[in-house]
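Written out below as structure tokens is the structure these notes cover.
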Amino acid sequence: MFKLEPIKNMNTEEKYKYMLTLLKGQLSSESDDLANISNGAAIIMACMDRLNWAGFYILRGDELVLGPFQGLPACNRIEIGKGVCGIAVKTRKVQLVPDVHLFPGHIACDSASNSELVIPIIKDDKVYGVLDLDSPEKERFTELEKRYCIKFVETLNEYIDWNNI
Ligand code: SME
């Protein structure tokens, strides 16, 4: 069972370190890649405050398709180069968006979202998709969240064969 009680008394960085510990525990105790990324989305949602959506979009052919997530139902498909997620894939760069309403082409799946952090999932030089986080709060994501979410994806990459997803 996941132990979430300790989080209550932690500062922000301690929470993010604990998030990585929970993720490693999940990844080292289960071999199914879909189960692992599903709980990955749940681990982020449980450990990060002030999120309304956290999950994966998986690259299938030339578009992103919705993967495991936590939050309200979301857009099923995103074209490469469209929206924050599609731009992250096209540029292969992390997108830290303080105010989504100022991001040209932002795709609004949940009207509650005001800021967004998207980490491209790149393994052996191939893009497999993105990790997408949304917050109802403007400027929710800082360099700290960016750093730990990059580590989160790096940890996933150590265990997940994205071709199985
Ligand atoms: N806002 C994203 C779409 C996905 S939802 O946030 C879950 C985008 O602009 O790509």
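Each residue takes its place number in the sequence, starting with 1. These numbers were taken from a predicted model, which means no experiment stands behind them. Both ligands and their constituent atoms are indexed starting at 1 by order of listing.
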Self-check item: Residues, nucleotides or ligands: over 12 heavy atoms within 6.0 Å of Glu30 CD
Solution: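 More than 12 within 6.0 Å, yes.
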
Between the protein and ligand 1, which nitrogen or oxygen pairs come in under 3.5 Å, and how far apart is each?
unit_1, atom_1, unit_2, atom_2, d
ligand 1, 1 (N), His106, NE2, 3.4
ligand 1, 1 (N), Ile107, O, 2.7
ligand 1, 1 (N), Glu116, OE1, 3.0
ligand 1, 1 (N), Glu116, OE2, 3.1
ligand 1, 6 (O), Asp132, OD2, 3.3
ligand 1, 6 (O), Asp134, OD1, 3.3
ligand 1, 6 (O), Asp134, OD2, 2.8
ligand 1, 9 (O), Val84, N, 2.9
ligand 1, 9 (O), Ile107, N, 2.9
ligand 1, 10 (O), Val84, N, 3.0
ligand 1, 10 (O), Cys85, N, 2.9

Quiz prompt | Tyr18 six-ring centre to Lys15 NZ/CZ under 6.0 Å and within 45° of normal | solution =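 Verdict for Tyr18: no cation-pi partner in Lys15.
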
Quiz item: Is Ile43 reachable from Trp53 through a run of I, L, V, M, F, W or Y residues, each pair having side-chain heavy atoms under 4.5 Å apart?
Solution: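 No, Trp53 does not connect to Ile43 through the hydrophobic network.
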
Quiz prompt | Test item: side-chain donor near acceptor, Asn157 and Trp162, under 3.5 Å | solution =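 Looking only at side-chain atoms, Trp162 and Asn157 do form a donor-acceptor pair, the distance falling under 3.5 Å.
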
Practice problem: State which residues pass side chain to side chain contact (heavy atoms under 4.5 Å, CB included) with Asn39; sequence neighbours excluded, sorted by chain then number. | Solution: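 Counting only residues at least two positions away or on another chain, Asn39 forms a side chain to side chain contact (heavy atoms under 4.5 Å, CB included) with Phe2, Gln26, Ala42.
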
Quiz item: Taking it one step at a time, do Asn114 and Asp134 satisfy side chain to side chain contact (heavy atoms under 4.5 Å, CB included)?
Solution: CA-CA 7 Å; Asn114 280 313; Asp134 283 27; over 6 Å; no

